[in-house]
Every structure is written in C-alpha cells, then in structure tokens.
*Asks:* 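Have a look at this one.
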There are 2 protein chains.
Amino acid sequence: MSSIKDVAKAANVSTATVSRVLANHPHVRQEVRERVLAAVAQLEYRPNLIARNLRSQQSNTLGLIVSDIRNPFFTAVSRAVEDTAYAHGYNVLLCNTDENPEKELLYLQLMGDEQVAGVIFSPTLQTLNRFHELNLSFPTVLIDRSLRSGDVDAVLLDNVSAGYTLAQHLINQGYRRIGAIFGEASTTGRERQRGFEDALRDAGISMQPEYLRFVRPRSEAGHSTTLDLLRLPQPPEAIFTSNSLLTAGALQAIRERRLQMPEQIGLVGFDDTAWASLVQPAITVLAQPTDEIGRSATELVLQRVADPQRPTRKIILQGELIVRESSVEQRVRA
Amino acid sequence: MSSIKDVAKAANVSTATVSRVLANHPHVRQEVRERVLAAVAQLEYRPNLIARNLRSQQSNTLGLIVSDIRNPFFTAVSRAVEDTAYAHGYNVLLCNTDENPEKELLYLQLMGDEQVAGVIFSPTLQTLNRFHELNLSFPTVLIDRSLRSGDVDAVLLDNVSAGYTLAQHLINQGYRRIGAIFGEASTTGRERQRGFEDALRDAGISMQPEYLRFVRPRSEAGHSTTLDLLRLPQPPEAIFTSNSLLTAGALQAIRERRLQMPEQIGLVGFDDTAWASLVQPAITVLAQPTDEIGRSATELVLQRVADPQRPTRKIILQGELIVRESSVEQRVRA
DNA sequence: TTGAAAGCGCTAACAA
DNA sequence: TTGTTAGCGCTTTCAA
C-alpha cells in the first residue's frame with residue numbers, strides 16, 4: 001500500500017501539496033495538480049481513511065442502532081439509511097439491541113469509541129428516559145421512538161393518529177369488542193395505544209381493560225397473547241396489533257383456533273410487510289413510509305453533523321391505511 | 001474526552017505504562033497498575049479506537065457485503081454475523097449491492113480503505129469470476145455463493161443436494177411437469193438447477209427447456225415468470241423457485257390466476273421465511289441454517305485474521321426439507 | 001519495571 | 001503557490 005509520502009516523492013512535491021490536490025484546494029498550479037494526479041493513478045494510491053479520521057477527529061461512519069433487524073420495519077429502514085448514507089459518502093455501522101437497554105448503552109459507548117459522525121437510534125423507553133444524562137458526544141437522531149418533550153432530533157410516525165385511524169377503521173367496519181396488543185418497551189406502543197383508545201372513546205365504546213395487552217414485540221408473544229384474548233369469557237371480535245411480528249403471531253393463533261377471518265374475527269396491524277398481502281385473507285395494515293423514515297433520519301443526522309448548533313427538529317410522518325380483507329363490514333359478517 | 005496523556009499525568013507514569021496496563025502486559029508493578037486503573041476510572045478514559053487502529057494497522061471492524069438485505073435469508077444471516085462479531089469484539093460495516101457488480105467493487109474498495117480486519121461477502125457470478133484478480137488486501141469469506149474451484153474460504157449450502165431434495169420431493173408427490181425459476185447472477189441458482197435436473201433425470205423425467213427460467217431474483221420477476229409459465233400451451237403442474245423472493249412472486253401469480261394449491265399447481269421454494277408457514281396452504285421449503293451460516297462465516301474470517309497462512313476451507317452445510325401443504329401427493333390431487 | 005521517543009498516514013497552520 | 005513542521009492518540013522499540 002502506497003502512502004501519501006510515496007505519491008509526494010513520485011510527483012516531486014511535498015505531502016502537503018498532495019493533500020491539497022486530493023482535497024481540491026484552490027491554490028495549486030494546474031501543472032502540479034496534474035503531476036500529482038498522475039502519480040496517484042500510477043501508484044494506485046488510496047488515502048488511508050483511518051489516518052484521515054484520526055487527524056480530522058471525525059469519521060465518515062454513521063452508527064445505526066436498531067432494536068430488531070429481523071423486524072421488517074427495521075430492515076426496510078436500514079436499507080434506506082444505508083443507501084442514503086453511502087450516497088453522501090458515509091458508511092453504516094450496524095448494531096442490534098434486541099430491546100435490551102444494556103446492549104443499547106454498550107453500543108452507544110462503542111459509537112463514541114469509534115468516533116462516528118452521528119448515530120441513528122431506536123431506543124427502548126428505559127434508555128429514552130435517561131437519554132439526556134447520557135451526554136453523548138455525537139449527534140443522534142431517534143427513529144420510531146422518542147419523547148414528546150425531549151430536545152432531540154427525531155423522525156417519527158404520527159403514532160397517535162395512526163393508532164386512531166386503524167382503530168377507527170375497525171369501528172367503522174362494525175367491530176365493537178376489540179383486543180389490542182402493544183409492544184411494551186417503547187413509546188411507539190404507548191402512542192398507538194392512545195390513538196386506539198381515543199378512537200374507541202370518540203365512538204362511544206367503553207374500553208375493557210382485559211382487552212389491552214403490553215408484551216414483548218415478538219411473534220411468540222403475539223401468538224400467546226392472542227390465544228389468551230380468545231380464551232376470555234367474552235372474546236374480542238377483532239385484534240389490533242401494533243407491529244408486524246405481533247400481527248404474525250396473532251394470525252398464527254387465529255389459524256390454530258380455526259376462526260374465519262374476517263367473519264369470526266377481524267385482524268389489523270402495522271407495517272405493510274411482504275406477507276401481509278400474501279396471506280388469505282390479506283391483512284389490513286397501517287403502512288409506515290420506511291424509505292422516507294430512513295432517508296430523512298440520515299439527512300437529519302448529516303445536517304446536524306454539518307451544523308451542531310441548529311435547533312433540534314422532529315419530523316413527523318403520516319402512515320397510510322391499506323384496507324384489505326382481514327377486516328370488513330359488520331353487515332357482511334355473520 | 002481525556003486521552004492516554006491525561007491518564008499518564010494523573011497516574012504519574014508515562015503513556016507507555018498506561019498502554020501496557022490497558023493491554024494487560026505482564027511486567028507492570030501491581031501498585032502502578034492500580035494507580036493507572038484508578039486514573040482511568042477517575043477520568044472515565046476510553047481509548048481512541050481510531051488512533052489504536054492507525055498505529056496497529058488493523059481495525060476491529062468486519063465488512064459484510066450482501067446482495068439484498070431485504071431478502072430474509074440475508075437478514076437472518078446478517079443478524080447472526082452481527083451477534084457473533086460483537087461477541088468477539090468486532091463491529092460490522094454493512095453494505096448492500098443489489099446484485100450490482102459495480103457496487104460490489106466499490107464496496108470492496110471501501111473495505112480496503114477502511115482497513116477492515118476481514119470481509120464476509122455474497123458475490124455475483126461476475127465478480128466471482130474475477131475474484132482472484134482483485135487481489136484483496138484483507139481476508140474474505142464468501143457466503144451463499146462460491147466457485148467450486150476457487151481457493152477461497154466459504155460457507156455454503158450444499159445447493160446441488162438441496163435442489164435435488166426439493167425436486168425429488170415434488171416428483172415423489174406425483175408432479176411430473178415442473179417449472180423452475182432460478183436467480184440468474186449467482187452460482188447458487190446454477191447449483192440448485194443442477195440438483196433439480198439430476199432429480200428429474202434420475203426419475204426418468206425428460207426436462208423441457210421452456211420450463212427452466214433464469215431471472216433477477218426478486219419477487220417481481222418471480223411473479224411475471226410464473227405467469228409466463230402458466231401461459232404455456234402445456235403449463236407446469238408445479239413451480240420450483242430458488243429463493244424466497246421468487247417464491248413470493250410465484251405465489252402472487254398463482255393467486256391471481258386463482259389456481260388451487262396444491263391440487264391445480266404445486267409450489268416449493270427455498271428459505272423458511274416467516275410467511276411460508278403463515279400463508280394457506282403453507283409452503284413447502286428447503287430451509288437453510290441461516291444462524292449457522294452467519295456464525296460459521298464470522299468465525300472463519302476471524303480465524304483467518306488470526307492466521308493468514310492457514311489453508312482455505314469451505315464449510316458446506318445441509319439444508320432441511322420442511323414439507324407443508326403447497327405440495328402434496330398426486331393421488332390426493334384431482 | 002519503567003520512560004523517552006519514534007512513527008502509523010494524514011491535514012493544516014505557518015512560513016517562505 | 002508550495003514546503004516545513006507539528007501533532008491527532010496510540011503502541012512499541014530501545015535504553016535505562
């Protein structure tokens with residue numbers, strides 16, 4: 001591997017001049033510039049990014065800390081983050097926390113050690129609550145979850161409104177007794193719950209506490225909780241789930257109990273996954289704009305890298321209700 | 001941020017001694033060691049990894065270059081790679097190539113610039129063919145795809161055998177005219193094709209060339225190609241797909257044509273995705289051991305980092321046939 | 001057992 | 001317009 005010294009020697013200039021040419025500094029004679037470029041090409045010189053980072057005290061790497069890469073929502077967002085980051089000349093360091101606050105702290109620390117330029121992060125409620133004590137040394141943009149009050153950049157779904165829309169849809173279709181399953185460790189679940197409850201209240205439906213569940217946002221929990229709900233003396237007529245893993249588990253439970261969808265039970269969830277339109281009946285979902293979320297978050301963090309002083313911003317995006325067959329008009333049902 | 005100098009000053013020793021303590025070098029007096037550690041704790045010192053990497057000429061980062069992070073197979077493998085890497089104190093730099101050879105080269109170059117310790121890579125056929133000309137400066141382990149002949153570390157499925165098993169299953173169930181859709185840019189598709197053809201030949205079934213398709217391994221292509229196949233004068237009785245995105249597309253096409261599975265058409269594919277058991281009828285698949293693939297690949301690359309001289313190894317893993325309802329005995333069919 | 005000092009490859013302040 | 005030089009934070013050789 002040739003270094004900047006080799007290039008300098010080959011072009012008969014100082015390393016400073018090589019550096020200037022590479023950084024496109026203005027005051028370099030055309031002839032010299034060409035000589036340097038020729039040497040660079042000749043030696044197949046590639047700058048050592050580690051050295052550059054050490055010297056400039058910041059790297060071209062962005063950290064991406066997600067709670068579960070197997071959740072299609074985060075997969076899709078990661079994809080968008082990755083694309084956008086590389087388009088801006090940044091790399092992505094990927095971390096997976098499994099909703100584990102200890103891992104979150106560990107990875108956050110790692111990001112500091114790696115001197116990343118910035119971080120995109122979907123935190124648990126626990127870490128969120130002590131977020132400001134953390135005193136992170138790098139710009140951070142939260143995705144999917146944040147506190148209303150917090151002075152942090154964030155890109156979020158309008159979860160209250162999304163929860164409202166989805167619940168309202170069920171109500172409009174004639175469902176009255178609605179069981180709802182939310183992720184327990186995030187703000188997202190709580191906000192969607194608020195929208196859900198608002199919709200019921202506005203429709204004059206009294207909420208039954210035993211219909212409301214907060215669980216680990218995984219398909220196993222979706223499965224067992226749905227079975228629980230269906231076992232109640234008066235089981236719900238529809239199931240509302242707050243992420244796609246929960247939806248999958250609920251669907252599995254409904255299948256096991258051999259209930260007809262949507263006649264005997266309705267089902268709705270979040271995120272327009274590949275399978276939501278593949279199963280029969282296809283599932284009604286509140287789709288999140290994952291590309292937009294990933295792209296906005298990346299741009300936001302890059303903007304803050306460029307200007308650390310700028311006031312924080314929260315970008316709130318709207319979801320889109322996609323009505324399919326898993327929830328359908330009451331009069332059509334039995 | 002305090003540096004090693006600050007610690008040295010606080011502990012009244014030289015930076016060399018601090019470095020020795022941190023690296024757990026033997027010849028340090030216990031008392032001095034404790035003083036240094038106390039200073040480290042006091043100052044909340046964290047070593048600057050960039051500086052460490054520059055000095056030691058290698059980093060604690062592994063590169064992971066996959067062809068499509070939205071393919072659940074790669075998502076699952078990434079997850080395993082990530083876990084294993086972090087368990088060994090390594091980070092993961094994630095790149096997505098979209099099966100684009102230019103992007104592959106770009107990212108490979110990036111890995112060199114970033115001085116990663118090693119790379120895990122699922123290459124296109126095109127890049128694979130010129131792999132040795134690339135003269136990569138870091139250890140590389142190929143996953144999912146490789147050349148039989150190549151002198152490269154790799155973790156692979158026994159694709160020929162997997163293709164054979166899956167095709168044989170269809171044959172055993174009584175299907176004779178079988179359409180098959182393979183990814184076009186990878187060795188994987190070709191090997192699975194070989195297994196597929198071997199199974200037909202062993203069963204004395206003559207292969208019809210128009211039943212064999214090579215396409216972009218995406219659901220859109222799976223969809224349109226399946227429609228094509230079904231439009232043939234003598235359409236196939238079953239569809240064999242060589243990745244889960246293709247399977248999804250095929251399923252969609254079958255739904256649109258309102259064909260009954262498995263009576264009017266059988267369907268099998270690769271990878272036990274979340275939805276394969278959720279759709280009805282559930283899909284028969286050849287499941288890959290994704291965790292094992294990711295873990296083995298990471299361990300392999302780390303072993304080579306430790307010993308660049310060791311002979312290359314190919315780890316060949318077996319898939320598992322999971323029979324579900326989308327393919328079923330002939331006598332049960334119409 | 002410890003410290004002084006060189007140097008990894010680069011950038012930028014300063015001087016010429 | 002270009003070069004000299006210091007130094008980013010760390011590890012390691014050599015000497016004491």
Side-chain angles (χ1 to χ4, degrees), chain A residues 1-40 43-61 89 109-110 112-117 137-138, chain B residues 1-40 43-61 89 109-110 112-117 137-138:
Chain A
M1 286 285 273
S2 44
S3 81
I4 198 170
K5 274 188 189 169
D6 304 314
V7 177
K9 200 170 293 173
N12 236 301
V13 295
S14 72
T15 61
T17 299
V18 176
S19 177
R20 282 189 198 103
V21 170
L22 262 29
N24 256 312
H25 273 249
H27 305 298
V28 181
R29 243 168 53 226
Q30 185 58 22
E31 182 229 339
V32 174
R33 161 162 282 131
E34 279 160 15
R35 221 162 62 216
V36 169
L37 259 17
V40 165
L43 295 171
E44 296 186 9
Y45 166 73
R46 315 223 80 222
N48 180 325
L49 297 186
I50 309 260
R52 182 176 282 178
N53 291 346
L54 176 60
R55 170 65 221 220
S56 59
Q57 298 288 50
Q58 61 142 354
S59 79
N60 55 137
T61 297
Q109 208 162 55
L110 173 77
D113 296 349
E114 290 284 346
Q115 317 251 71
V116 296
S137 58
F138 40 80
Chain B
M1 286 286 273
S2 44
S3 80
I4 198 170
K5 274 189 191 171
D6 303 314
V7 177
K9 200 170 294 173
N12 236 303
V13 295
S14 71
T15 61
T17 299
V18 177
S19 178
R20 283 190 196 103
V21 171
L22 262 28
N24 257 313
H25 274 249
H27 304 300
V28 181
R29 245 171 48 229
Q30 184 58 22
E31 183 229 338
V32 173
R33 163 162 278 130
E34 278 161 15
R35 221 164 60 215
V36 169
L37 259 17
V40 164
L43 296 171
E44 295 186 9
Y45 167 73
R46 316 223 78 223
N48 180 326
L49 297 185
I50 308 261
R52 182 175 284 177
N53 291 345
L54 175 61
R55 170 64 221 223
S56 58
Q57 299 289 49
Q58 63 142 353
S59 80
N60 55 138
T61 297
Q109 208 163 53
L110 174 77
D113 296 348
E114 291 284 347
Q115 319 249 68
V116 297
S137 57
F138 41 78

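Naming convention: chains lettered A, B, ... in sequence-line order (proteins, then strands); numbering from 1 in each chain.
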*Asks:* List for me each residue that meets side-chain hydrogen bond (donor to acceptor under 3.5 Å, both in side chains) alongside Gln58(A), sequence neighbours excluded, and say none if there are none.
*Replies:* none
*Asks:* Check side-chain contact (heavy atoms from CB on, under 4.5 Å) between Asn12(A) and all other residues, then give those that pass, not counting sequence neighbours.
*Replies:* Arg35(A)
*Asks:* Do Leu22(A) and Val40(A) have side chains that get closer than 4.5 Å, going by heavy atoms?
*Replies:* yes
*Asks:* To the closest 0.5 Å, what do you measure between CD1 (Ile50(A)) and CG (Asn53(B))?
*Replies:* 4.5 Å
*Asks:* With sequence neighbours excluded, tell me which residues meet side-chain hydrogen bond (donor to acceptor under 3.5 Å, both in side chains) with Gln57(B).
*Replies:* none
*Asks:* Which residues satisfy the side-chain hydrogen bond (donor to acceptor under 3.5 Å, both in side chains) test with Ser14(B), sequence neighbours excluded?
*Replies:* Thr17(B)
*Asks:* Could you give the angle between the helix axes at the two ends of the helix from dT1(C)-dA16(D) to dA16(C)-dT1(D), with five pairs per end, rounded to 10 degrees?
*Replies:* 40°
*Asks:* Sequence neighbours excluded, which residues qualify as side-chain hydrogen bond (donor to acceptor under 3.5 Å, both in side chains) partners of Gln30(B)?
*Replies:* Glu34(B)
*Asks:* What are the bounds, 5' to 3', of the part of DNA chain C that sits under 4.0 Å from heavy atoms of chain B?
*Replies:* dT1(C) to dG9(C)
*Asks:* Can a donor-acceptor pair be found, under 3.5 Å and without considering hydrogens, that links the side chain of Thr61(A) to the backbone of Val116(A)?
*Replies:* no
*Asks:* Can you pull the salt bridge (charged side-chain N to carboxylate O under 4.0 Å, His left out) pairs that have at least one residue in residues 3-17 of chain B, sequence neighbours excluded?
*Replies:* none
*Asks:* Scan for salt bridge (charged side-chain N to carboxylate O under 4.0 Å, His left out) pairs involving residues 17-29 of chain A, sequence neighbours excluded, and state none if there are none.
*Replies:* Arg29(A)-Glu31(A)
*Asks:* What string of B, S and - do you get for nucleotides 6-16 of chain D 5' to 3' if you count protein non-hydrogen atoms under 4.0 Å?
*Replies:* BBBBBBBB---
